[in-house]
Amino acid sequence: MKSPIVLLHTDAPDEAFEVLSQNHGGLRIHVCENYEDIPQVLRNTRAEVVYSVRFAGTPAFPREAILNAPSVKWISVGGSGTDHLAPWDISKTVVTNSAGTGSDMMAQYALGAMLNFSLDFPGFRAAQKRREWLIGKVEPIDGKTVLILGLGGTGKAVAKRCKAQGLSTIGVRARPCPAVNVDEVHGTDALPGLWGKADFIVVCVPLLDGTRGLVGAEAFAEMKKGAVLIDVSRGGVVDESALLHALNSRKIRGAAIDVFISEPLPPDHPLWGCENAILTPHCSSVHDGWYRESAEMFSANLMRYRKGEELENIVDPSRGY
């Protein structure tokens with residue numbers, strides 16, 4: 001059985017180190033907790049396997065240093081998105097992800113956002129601060145329609161919870177085929193005729209050339225005035241300028257946005273001022289058990305690697321999953 005040198009590239013390495021120590025005793029395990037030192041650490045350790053979490057945004061992520069390190073053969077991404085590494089040469093480097101570890105949490109985030117707007121919690125909270133007995137009303141979400149962009153692990157988890165709440169579900173994926181809990185499945189070419197059918201739109205596709213700007217001005221123009229957009233994908237799939245216009249003009253009812261082109265979102269970004277938007281810091285999949293779940297998935301894959309078996313969750317850079 002192989003004994004590769006492993007590097008944990010994360011700002012929270014304790015749980016991953018603990019899991020690996022329990023399951024892979026004797027392996028040389030190194031840690032790098034920032035972006036700046038990774039080139040030197042890779043030169044010094046000659047790590048063959050890198051477990052990497054994109055913990056401080058994409059712009060400064062040391063992509064070239066990791067991909068160009070001659071010792072690195074396998075990069076295990078702690079989350080599901082791999083656009084910060086793309087493109088890579090699959091003949092030299094294998095990239096896997098941890099798809100599935102955050103799916104249920106992101107689905108709960110999406111459902112919570114739907115309920116937030118349907119129950120008008122922001123409006124009631126504002127009235128509470130004014131000490132005003134607001135005569136309002138709440139709306140059910142059952143009977144509404146949700147359009148789910150992307151039917152990977154997250155999209156399927158969203159569909160499952162939406163069906164349990166009585167919503168109609170429409171799914172869009174690159175290669176359309178029937179899916180459990182999805183009433184209709186279409187290809188992306190059908191989107192122009194689907195925007196106007198949805199009360200809620202949940203975005204959970206990977207960021208690729210074909211999905212960049214997928215939700216743009218034309219899409220917002222076709223949406224219902226009362227539609228709510230929920231984005232748990234990657235910054236860049238939703239055109240932020242078009243989103244800002246749709247929110248400010250009240251073309252849509254609101255949005256819950258967990259991902260942005262620039263992260264952290266700059267303090268002067270105009271999205272901060274949109275009262276009909278909920279902005280969260282790329283945390284829709286982050287919960288108390290997330291780090292351990294991701295580390296355990298990596299540990300199981302590492303055992304396959306050491307035994308010479310095929311890895312799970314190998315990512316095709318052209319598809320993003």
Side-chain angles (χ1 to χ4, degrees), residues 83 106-107 109-126 136 138-139 141 144-150 154-155 158 162 167-172 186 188-284:
D83 53 280
M106 286 191 280
Y109 175 100
L111 186 60
M114 296 179 197
L115 291 168
N116 177 82
F117 284 101
S118 292
L119 301 178
D120 192 23
F121 282 158
F124 288 119
R125 177 60 177 165
V138 295
E139 299 176 11
I141 62 171
K144 300 288 182 70
T145 297
V146 58
L147 174 63
I148 306 169
L149 307 187
T154 300
V158 170
C162 287
L167 284 88
S168 297
T169 52
I170 301 174
V172 171
H186 301 271
T188 53
D189 57 341
L191 274 172
L194 298 177
W195 298 118
K197 295 183 177 182
D199 299 290
F200 302 104
I201 298 160
V202 182
V203 187
C204 40
V205 294
L207 178 62
L208 303 167
D209 289 341
T211 61
R212 189 179 299 275
L214 180 65
V215 187
E218 293 183 3
F220 285 111
E222 296 296 326
M223 291 180 193
K224 292 181 179 180
K225 188 173 183 180
V228 171
L229 178 76
I230 302 160
D231 188 7
V232 293
S233 59
R234 283 293 214 189
V237 175
V238 174
D239 183 318
E240 289 180 0
S241 296
L243 169 64
L244 186 65
H245 176 73
L247 289 168
N248 287 335
S249 66
R250 303 286 170 167
K251 177 62 185 68
I252 62 173
R253 181 174 186 171
I257 309 297
D258 188 51
V259 292
F260 306 89
I261 294 173
S262 295
E263 295 180 2
L265 190 66
D268 60 349
H269 198 290
L271 277 173
W272 286 113
C274 293
E275 294 183 357
N276 52 343
I278 301 169
L279 310 184
T280 54
H282 204 142
C283 64
S284 60

Hey, does the side chain of Thr211 reach the backbone of Pro206 with a donor-acceptor pair shorter than 3.5 angstrom? yes
As an exercise, state the distance from [atom1] of [X] to [atom2] of [Y], rounded to the nearest 0.5 Å.
{"X": "Asp231", "Y": "Leu279", "atom1": "CG", "atom2": "CG", "result": "11.0 Å"}
{"X": "Leu247", "Y": "Leu229", "atom1": "CG", "atom2": "CG", "result": "8.0 Å"}
{"X": "Thr280", "Y": "Asp258", "atom1": "OG1", "atom2": "CG", "result": "3.5 Å"}
{"X": "Leu147", "Y": "Ser168", "atom1": "CG", "atom2": "OG", "result": "12.0 Å"}
{"X": "Ile148", "Y": "Ile170", "atom1": "CD1", "atom2": "CD1", "result": "9.5 Å"}
{"X": "Leu271", "Y": "Glu240", "atom1": "CG", "atom2": "CD", "result": "6.0 Å"}

I want to check something: taking the side chain as every heavy atom from C-beta on, are [X] and [Y] in contact at a cut-off of under 4.5 Å?
{"X": "Lys224", "Y": "Asp199", "value": "yes"}
{"X": "Ile201", "Y": "Val215", "value": "no"}
{"X": "Arg234", "Y": "His282", "value": "yes"}
{"X": "Leu214", "Y": "Leu191", "value": "yes"}

Could you report the tightest heavy-atom contact between [X] and [Y], atom names first, then the distance?
{"X": "Gly193", "Y": "Lys197", "answer": "O-CE, 3.7 Å"}
{"X": "Ala221", "Y": "Lys251", "answer": "O-CE, 3.5 Å"}
{"X": "Thr154", "Y": "Cys204", "answer": "CG2-CB, 3.9 Å"}
{"X": "Phe220", "Y": "Ala246", "answer": "CD2-CB, 3.6 Å"}
{"X": "Leu265", "Y": "Phe260", "answer": "CD1-CD2, 3.8 Å"}
{"X": "Ala110", "Y": "Ile230", "answer": "O-CD1, 3.5 Å"}

Just wondering, more than 12 heavy atoms not from Glu139 lying within 6.0 Å of its CD? yes
Could you pull out every donor-acceptor pair under 3.5 Å between side chains of residues 111-120 and any protein atom, sequence neighbours left out?
unit_1, atom_1, unit_2, atom_2, d
Ser118, OG, Met114, O, 3.1
Asp120, OD1, Gly123, N, 3.1

